[in-house]
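Structure first, commentary second.
What you see is a predicted model; the values in this text were computed from it and never measured. We're numbering straight along the sequence, starting at 1. Ligands are counted one by one from 1 in listed order, and the atoms in each one are counted from 1 as well.
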Amino acid sequence: MSATFNPFQTAQRQLDEAAEVLGISPALHAFLREPMQEVTFTIPLQMDDGSHEVFKGFRIQYNTARGPAKGGIRFHSDETIDTVRALAAWMTWKTSLVDIPLGGGKGGVICDPRSLTPAEMQRLSRGYMRKIAHIIGPEKDVPAPDVYTNPQIMAWMMDEYEVITGRHLPGVITGKPVDLCGSQGRCDATARGGMVTVRETAKVLDMDLRGAPVAIQGYGNAGQYAHQLGGELLGLQTVAISDSRGAIYNPNGIDYDAAVAWKRETGSVVNYPDADALSSAELLELPVTILFPAALEGVITGENAPRVRAKIVAELANGPTTPEADHILYENGAFVIPDFLCNAGGVTVSYFEQVQNAYNFYWPLEEVHDLLNATMTRAFYEVHEMAQARQVHNRLAAYLVAVKRVAEAVVLRGWIR
Ligand code: NAD
């Protein structure tokens, strides 16, 4: 991400383009451009050595017209309020696009999780929950994992919330471990949903994806499962992967089990024995069929977009492509599966988790997979048909579908015309 890239300004510019095409009123447009509520706070933390440090945290409820806010919590040293605002806006459009009865939110803490011990991480997670407990809940705002947060952290946060409220309310947070009120199929839901959109893309482009070379930027939850499921479900061949420390490339393919084991043992994909070293920037420009950005925002820009050679850019990450890059990719004939379509499988199964928590009745894995498949397929074709009908790029088409629904809910509630 470049130092000058502002994700929230990007999110607002994307909305502006859609608002103009939809012809929504200036007042409604102004309302949709800003979060409805945001809180900023400090979390004092006792470190293991007895010293104290202070961390800054955020929770933003961007829009709740269609239902309770929904969105992950990111622990990252580069976290800013504008990153959280952008992610909360994109969640609003995402829940609308897949047509689940939720709004959009997001949260985060400025911290370097890799420098914290597990005990410090637990105290930070509980401290974060104590600061937001009064504004969240199953009927108000439901957090989930995002970059550098995971099911264990969700379990600690759920427990803290239940201690504070004195009630069993697992639906306060999603992405929990399956053994503690989580849902089957949540762990790989983001990548699995992304594979549905890639599968349907291949159908509309009349492409055979078996053996197609793939590059994956980011090798965490979204990236690792993309590697595994891309091979298992679609026969893709992953030839390049990267994480925050660098990238690796083997045109003959990188073995999933070996790469994951290497990352687990060494902490990174770099120095993996059966591949050549590459820079993270070079990975984006490889001659692959599919590029999966699965790390952070603002990595495909007006500067490098002319050199992106992938035929399909499947955005598992949120906000990887700037508006300048969008137009270049479109003109160059790349098929972009926009973030809040491609990665919507995560929030879709989070919603299933909430429903199961509310009923205290848990579904088998097949049911989760079937409903996820149906939801993602429907959303894909709504976007595709909009793009065809309006002759616009897929991101604008996704915005047109999603913003219209949120705008209608705002008007129906009588908040604004
Ligand atoms: P994660 O913490 O599990 O993994 C993040 C990965 O990105 C790590 O491997 C990290 O090393 C890598 N990374 C960080 N900076 C990088 C850089 N400059 N170059 C290359 N790699 C880099 O996070 P995640 O949950 O996989 O999330 C990744 C993206 O997917 C984020 O944009 C997130 O918002 C989005 N997303 C995740 C989910 C989900 O369910 N996990 C759902 C929707 C969207």
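With a heavy-atom cut-off of 4.0 Å, T190 touches ligand 1 through its side chain alone. With a 4.0 Å heavy-atom cut-off, ligand 1 is reached by no atom of R245. Here P320 has no heavy atoms under 4.0 Å from ligand 1, in either its backbone or its side chain. When heavy-atom distances to ligand 1 are checked against a 4.0 Å cut-off, K263 comes that close only through its side chain, counted from C-beta outward. With a 4.0 Å cut-off on non-hydrogen atoms, S280 touches ligand 1 through its side chain and not its backbone. At a 4.0 Å heavy-atom cut-off, ligand 1 touches R186 through the side chain alone.
In this structure, R74 counts as a contact residue of ligand 1, since one of its heavy atoms falls inside 4.0 Å of the ligand.
Relative to atom 21 (N) of ligand 1, the option among L316, I216, D243 with the closest non-hydrogen atom is D243. For atom 11 (O) of ligand 1, the candidate residues are A247, A281, S244; the nearest heavy-atom contact is made by S244.
Ring centroid separation for the pair F41 and F58 does not come in under the 6.0 Å cut-off. When ring centroids are compared, Y399 and F340 come within the 6.0 Å threshold.
T321 and E315 form a side-chain donor-acceptor contact under 3.5 Å, judged by distance and modelled atom types alone.
Residue-ligand proximity, N343 to ligand 1, at heavy-atom distances under 4.0 Å covers atoms 43 (C), 44 (C). Numbered from 1 in the order shown, with element, the atoms of ligand 1 that lie under 4.0 Å from a heavy atom of Q217 read 19 (N), 20 (C). Atoms of ligand 1 found under 4.0 Å from any heavy atom of G218 (numbered from 1 in listed order, with element): 7 (O), 12 (C), 21 (N). If you number the atoms of ligand 1 from 1 as listed, the ones under 4.0 Å from a heavy atom of S242 come out as 20 (C). Listed by number with element, the atoms of ligand 1 under 4.0 Å from a non-hydrogen atom of D146 are 33 (C), 34 (O). Proximity to A222 (heavy-atom distance under 4.0 Å) selects the following atoms of ligand 1: 26 (O). Ligand-side atoms of ligand 1 in range of L296: 15 (N), range being under 4.0 angstrom from any heavy atom.
For the ring pair (Phe, Tyr, Trp, His ring centres under 6.0 Å) criterion with F352, the lone passing option out of Y362, Y359, W363 is W363.
An N or O contact shorter than 3.5 Å links G220 to ligand 1 by distance. By the 3.5 Å distance cut-off applied to N or O atoms, P145 is not counted among the residues near ligand 1. Taking any N or O of Y148, backbone or side chain, at least one lies under 3.5 Å from an N or O belonging to ligand 1.
Between the side chain of E120 and the main chain of T117, a donor-acceptor pair closer than 3.5 Å is present. Looking only at distances, a side-chain donor or acceptor of R378 sits under 3.5 Å from a matching main-chain atom of V98. No donor-acceptor distance shorter than 3.5 angstrom exists from the side chain of D146 to the backbone of G72, with no hydrogens or angles considered.
Checked for salt-bridge contact, D141 and K106 miss the test: no charged N lies under 4.0 Å from a carboxylate O. The existence of a salt bridge linking K94 and D339 is excluded, since no basic side-chain nitrogen approaches an acidic carboxylate oxygen closer than 4.0 Å. Between D326 and R13 no salt bridge is recorded (no basic side-chain N to carboxylate O distance below 4.0 Å).
Qualifying salt bridge (charged side-chain N to carboxylate O under 4.0 Å, His left out) partners for K131, counting only residues two or more places apart in sequence or in other chains: none. Scanning for salt bridge (charged side-chain N to carboxylate O under 4.0 Å, His left out) contacts around E53 gives an empty result, with sequence neighbours left out.
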